[in-house]
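Down below is the structure, laid out as structure tokens.
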Amino acid sequence: MMFAAGTLAVLVSMALALARALLGPTIYDRIMAVNSFGTLTVILIAVIGFLSDRPSFLDISLVYALINFITTIAIMKFFKYNRIGRRSGEDLGGL
Amino acid sequence: MISVHFPVLLVLVPLIAAPICLLLRPLPGATWAIATAASWFCLYVTVSLLFRVLDSGTISYLLGNWAAPWGIEYRIDLLNAFVLVIIAAIGAVVMPYARASVTREVSPRRIYLFYTMFCLNLAGLLGIAATGDAFNLFVFLEISAFSGYTLISLGRDRRALTATYRYVLMGTVGATFYVIGIGMLYMMTGTLNMMDLAARIPAVAQTRTIHAALAFLTVGVGLKLAMFPLHTWLPNAYTFAPSAVTAFLASTATKVAVYVLIRMYFTVFGGAEIFEMFPVRETLMVLALAGMFAGSFVAIFQENCKRMLAYSSVAQVGYMVLGISFATVTGLAGGMIHLFNHALMKCALFLVMGCIFYRISSVKIADMAGLGKRMPLTMAAFVVAGLSLIGVPATVGFVSKWYLVLAALEKGWWPIAALIVASSLLAVIYIWRVVEVAYFRPVPEGAPEVTEAPLSLLVPTWIMVLASVYFGIDASRTFEVAHAAATLLIGGGK
Amino acid sequence: MQFPGLFNYWIAIVLMMAGFYMVMAHGNLIKKIVGLNVFQVSVFVFYISMSKIKGGTAPILEPGFEVYSNPLPSVLILTAIVVGVATTALALALIVRIHDAYGTIEEDEINAQESES
Amino acid sequence: MSPQVTMQLALAAPLLGTVLIVLTGHRPNLRETVTLVTAAVMFLLVASLVPEVMAGGRPEVVFGNMLPGLPIALKLEPLGMTFALIASFLWIVTSIYAIGYMRGHHEQNQTQFYAFFAVALFSAVFVAFSGNLLTLFLAYEILSVSTYPLVTHHRTPEAKRGGRVYLGILLTTSIGFFLFAIVWTWLAAGTLDFTDGGILSGKVSDTVAGVLLALYVFGIGKAAVMPFHRWLPAAMVAPTPVSALLHAVAVVKAGVFSVVKVAVYVFGVDFLHSLAASEWLQYAAAATILLASLVAMTKDNLKARLAYSTVSQLSYIVLGAMLATEISVVGGGMHIAMHAFGKITLFFCAGAILVAAHKTEISQMRGIGRVMPITTFAFLIGSLSIIGLPPFGGMWSKWYLALGALDAGKQAMVAVLMISSLLNIAYLLPIPIRGFFCEPDDNPGHGAGVQEAPWPCVLALSVSAVGCIVLFFFPEPVYNLLAGMFAR
Amino acid sequence: MAAAAIGMIRLRNLFAVVMLSGIFSLSAAALYVVLDAVDVAFTEASVGAGIATVLMLSTLALTTTEEAIKDHRNMSALVVVLIAGAVLIYGTLDMPFYGDPMAPIHLHVAPLYLRDSIVATGVPNVVTSVLASYRGYDTLGETTVIFTAAASVMALIGRGRRKVKHGVPEGAPSHGYSSMKPHPILRVTAKLLIPAILIYAFYVQAHGDFGPGGGFQAGVIFGSTFILYALIFGVDNTRIAIRGWVRRTMMASGVLIYAGTGVAALLLGGNFLDYSALLHDPVHGQHLGIFLVELGVGVTVSGSMITIFLIFAGQDR
Amino acid sequence: MVALIVDVLSWALILGGGAFCVIGAVGMLRMPDVFTRMHAAGVVDTAGLGLILIGLMLQAGFTLVMVKLALILVFVLYTSPMSTHALAQSAVSTGVQPLLADGANNQKDKEDEPSKT
């Protein structure tokens, strides 16, 4: 029951995050939304695992968290250094 | 003892050869040797399998020793044995050719990758043909497709890239359609094994799901086999790929897709009944005829010889599909014979293109002026193979035409027979354009001195040419196999 | 989370078609690949949907559970996902090459360049 | 030697000759000796088969199956015997002529010329010997393809155009119609063997048989029934020996030979006679005879005129076959022989005039008879033979054809033959007459240096001209041979 | 998911599209969990959301992020899509309902897996046992596909290809995926994290028999460790840490281990991939076989992932 | 008794976490600019995720599951600030200005094209 409530809450949040990702307006909003979405998915899967009595599925959550992190780092690097292909040669300073 | 495992070895050997080739990066020569050895081994294995199947009927090999519907089964009947021999034979002939040709057309740093990919492609194609499991087929379809993409993209012209890209898109969509179709079949039957599917489909044959599955399988495989109007990836891909690749792919990849179509229709869906139930026959026939004419017509107007041959392939695929659409023993046998025959002659023609490219670095028809004098053996090979494409007797092209016309007449559809004949005449026009340029146009001023292609290219080319003449004069053997296989399939594939 | 009847399949189909549309209609090469991804993932969803049994659980045998969903589609889709990512990698590599060679990744611009040459 | 072995040897000889010709290509004298020897050997081999056939023998050779149930087979019968005999004999004559012509005219690629010539002869005799329709078709197509390089020998744009038309029409008709008909026949009759009395009788409805007959007659494009005759004038771009042997003898005769053969051994005379379609095809043949003659009159180029004359004459033979009586078929068969000698003489002369006087147009040939009397005289003999006047061989075949027409109750066809003869006179005789009786032009460009053509040319055309006369006096062997078709 | 998909169609900014495709993939994975396909969810999470997104980003970095504006004349595409969709919907009409335990797929073939696999192989995760043993041959194919893809990427954009035309001029400073030197927090964190992730990868590899996971997922995680390393410490350092020949050997040897296991079974008298022949006790043999092939998958996948990423990331030099 | 307390506690935690998630998400949607939205996103990452995971941990008891949950928690708590930091920094460095009180900034004009600066 409470897992269901938790699931519901997370789903609502995911919908909102998705809305932000779609609305933008800047790239950073989208990145942030994706990041949050990932986190929420982590929670969701964890909760669902409990919901269906198979908590051993947590591995998936763990991988999500990891991958989400890597993705975010990659996005950051992408924006930091390769904004539009390689045409921008200027150094934007340390991250 | 080891021969018990031939069905799997023929896929496994090139599959294992591929990573070894990758590891032997510093020794391109060794990678060539391994790939060649693997392809020759496959030829030996497939031929011995064919004879065994002829002797003692269908061979079943259980991978992992799991019983058929649960594990994956390799099932070699006459049809696959026939197709396997074609693939392996083409592979074995192209490999020795590849050495010189590839050195010239592929960047030296990628040669080891070329052979890796070649082995994978061979393994993939053989795997498609050998397997008795619908999903396993998909996996190997993708192996062959991936390596095929890469092989094509190794061409030096930048258009090879866009051609490959288009091929990737269409090929993947085709494969995905195939997966959807298989999914629907699985959903209704609970099995993926082809024989098991064949046994279980009749019970649910009237459901709409099965109809949709059939549609998706047809479109998916149609994309792979470049059935008109799904052929748009093919011309550029064949034009800009390295010559050895074009020769190999043109004579095997689409053929294997045709095989899959035959297998799906006649084994899985149980043969002739589906042709009565849906407008399958009409659709296939119209598409096949349209492909035959459209392909040939477009071929006539090409300036690039390889491209011309590629369009001709589209047309020739039409013949095979037409043969299938008759759904009679003769028609199917005709389609299968054409599958074999077209493999021989197209391989020969593309090998000739490779020889020409080797010397003059171009395959534009205009650049081939005067080649009849300067590369007499090469051009003679072109003429003979071209005559075969036209369907002159004593060549393989004649034999296939004979059976297709016969099949059409057997059904009493003489207008279709007339169309078959008419479309084959278009081949006269496009082949002869090249011949006239090569023999009648004088060598242009200031053209570089050109001599005959080296023996390592000529010998494989002429092997294919002579094979296409030999099997044109003595067609009984191919016919017997094809006919027996067709009888087997029409009879329900038991 | 239990949809009635065939609803689940229809969702998958709508998604498939969205992806397919992206492949067909868009001129940007990367977007085509994204579309292809969507298309494939939807097919996977379609497969996985059919494996589910009401009241079943994941096919990892454990005491205390009786009904398990069908493991076979999972197996197939695992393979298919791998194929999918391989396609993506290959296609993206191609796009990089195409961009090098043509300076654009728009289909019509490439076609224009090709017809010139 | 058994006849079977002889047949195979006769076929092997020109192929072996081809190889030798290619190998000796750098030494012209040796090469031409090889050609002559090959031709002679082949003729002797073929000739040695005559007694066997006269005695009613039908030697057969079966090679492996090309398609299951369809072997490549040889079978010798009177019609084929006649054709093979003529073709191989005239090859000797033409070879002699060719040596003079090619050297005199300084042609290029002579090795290639002789080599393909031998291949063409091989296929012509292969056609003659063929034992079933499939083999016939095979040989027929080899003949088409192997003569293409000969037609386009000059490699000029005109040669290319001519070659295009030549191969285009021959392949289109043969694959489009002929093959189609063969497959249909195979389906209906279950066999393609040439059998006395035909194989189709009773197997197909009259309508289908009619369609098939039309497919055969028009499909065998080499028979040049209008409207598929265009290739023959187009082929005149070839060097004259090619025109002479191939387009007066081997190729076109292979065509009409095939038509006769189909008529006799596939349909059977009786069945054919009962078909309404044969009557329509008689009209087609008659129309070709007359139209081609009329066209011939308008041509100023000598070879073109001869080509249209050939078109016209070929339809005599088709007509003979379509009349479908024994006597008309024999007449047709004889016309193969008679026309061969007549027309080859005319072509030899045309070539000789070209070599010696460099003239191709009839209007330039005034007074040519004064400087080239032998040639012009031979031309006269050939013309008269074609027209069908005694004492020349051409008379007999027309005679039998007319008899056959009467036999079939087709008086109209007799009239056609008569009118055609008149037209022949109109377009052939003016040439020698002009040559003998008109004053030469006062064109300074020629006249002075002109003399007879090189001696091999003259020899050859004399031999063939004499042949025309000999055949008038001794037609019995040919007649007896051909009558053997219906002996059983 | 539908929203994400439609958003992807509408948006022209490719970067946003890629982001959305990541979201799409994530939600698909969540859905898989709901639908009891945990192994699939695992894979989708690591591949669809992770690797594919990173690769797409790399490509964007190398090309452009904006889609050109053009008038849409896509009616034909729409028609084709609608036809295909209609056929699909038509096909669904006779399908068994979602979740129906009496559907054919639950009655044929699959029950046997659920019943027998534990006895025959001793592996409780049926997906793993089917994957590695019953349909082990498919998985060999799958491994080969990944191998092929990596080799293809090597062939296409591996080092040694021609110099690019549209890049920075020679000698200009390149800032691509060079190291993140100025950023100590990341570096320290990464140094702590990476060993942990590696251990976790081994756990996933070994634990695949009992829970979700297995060679493929482990391979991806292993590979992503190096991707993380490359992101933070620079591609060049990574190339030093794991050299080209090591990567190639990994790619190749995985396939060879897999095929070799099969061949070993074949030499020991069984059929190809018949692990029961490996040891005297068939169940142990199966277990060993499954372990070995999973190892093979893991090795190839990690090698391939690293190779692909490094090639993409190393493009701009 | 203890079990009941643990249950109740974990309920509260999970519900609370769910509430934080929603709050954070609403915040993400409603806040005016990137930086403030980031602030809201932080709520999801820390409070939402943390509370829910702790709640789950209480449910799981001292098992491997709990260890994994703890790992996830540590991991996210570790990485989330990092990525937020990185995000903010790159946003600033590429020229996105925080929305100031006087509203002088015209954020809306820069949709999706910050990179063109």
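Heavy-atom minimum distance, E/A252 versus B/L22: CB-CD2, 4.3 Å.
Contacts between B/L62 and chain E at a heavy-atom distance below 4.5 Å involve backbone atoms as well as side-chain atoms. Contacts between E/Y275 and chain B at a heavy-atom distance below 4.5 Å are absent for every atom of the residue. B/M187 touches chain E through backbone and side chain together, each having a heavy atom under 4.5 Å away. Using a 4.5 Å cut-off between heavy atoms, B/F216 contacts chain E through its side chain alone, with no backbone atom that close. Heavy-atom distances place no part of B/F114 under 4.5 Å from chain E, backbone and side chain included. Interface residue B/F146: backbone and side-chain heavy atoms are both found under 4.5 Å from chain E. Both the backbone and the side chain of E/V87 come within less than 4.5 Å of a heavy atom in chain B. Interface remark: E/L88 contributes backbone and side-chain atoms alike to the contact with chain B (heavy atom separation under 4.5 Å). Contact of B/A18 with chain E is made through backbone and side chain together, with heavy-atom distances under 4.5 Å. Residue E/V153 does not touch chain B at all, counting heavy-atom pairs closer than 4.5 Å. Heavy atoms of B/M184 lying under 4.5 Å from chain E belong exclusively to its side chain. Looking at E/A265, there are no atoms closer than 4.5 Å to chain B (heavy atoms on both sides), in backbone or side chain.
Counting heavy atoms from C-beta on, the side chains of E/Y137 and B/W66 never come closer than 4.5 Å. Inter-residue side-chain proximity for E/R135 and B/D133 is flagged as met; some heavy-atom pair is nearer than 4.5 Å. Within the 4.5 Å cutoff, the side chain of E/F147 has heavy atoms near those of the B/T116 side chain. Side-chain atoms of E/N271 and B/L63, non-hydrogen and from C-beta on, never get closer than 4.5 Å to each other.
Side chain of B/R110 to backbone of E/A155: a donor-acceptor contact under 3.5 angstrom is found.
Top candidate by heavy-atom pairs under 4.5 Å with chain B, chosen from E/A259, E/A151, E/G262, is E/A151. Ranked by heavy-atom pairs shorter than 4.5 Å toward chain B, the options E/G141, E/A84, E/S152 are led by E/S152. Ranking B/A213, B/A212, B/C21, B/A215 against chain E, the residue ahead of the rest is B/A212, based on heavy-atom pairs under 4.5 Å. Put simply, of E/G270, E/S133, E/A277, the one with the most heavy-atom pairs under 4.5 Å next to chain B is E/S133. For the set B/I20, B/D196, B/L151, B/L9, the entry with the most heavy-atom pairs within less than 4.5 Å of chain E is B/D196. Taking chain B as the reference chain and counting heavy-atom pairs below 4.5 Å, the highest number among E/L140, E/L112, E/L273 is found for E/L112.
Summarising the geometry, atom CD1 belonging to E/I146 is positioned 11.5 Å from atom CD1 belonging to B/I143; distances are rounded to the nearest 0.5 Å. In this structure, CZ on E/F272 lies 11.0 Å from CD1 on B/I72, to the nearest 0.5 angstrom. Put simply, CZ on B/R25 and CE on E/M154 are 6.5 Å apart, with the number rounded to the nearest 0.5 Å.
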Under the side chain to side chain contact (heavy atoms under 4.5 Å, CB included) criterion, do B/V8 and E/L266 qualify, and how do the steps go?
CA-CA 10 Å; B/V8 70; E/L266 193 146; 4.3 Å; yes

Given E/V263 and B/I16, is the side chain to side chain contact (heavy atoms under 4.5 Å, CB included) satisfied, shown in steps?
CA-CA 10 Å; E/V263 173; B/I16 292 180; 4.2 Å; yes

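Surrounding CZ of B/F6 are more than 12 heavy atoms belonging to other residues, nucleotides or ligands, all under 6.0 Å away.
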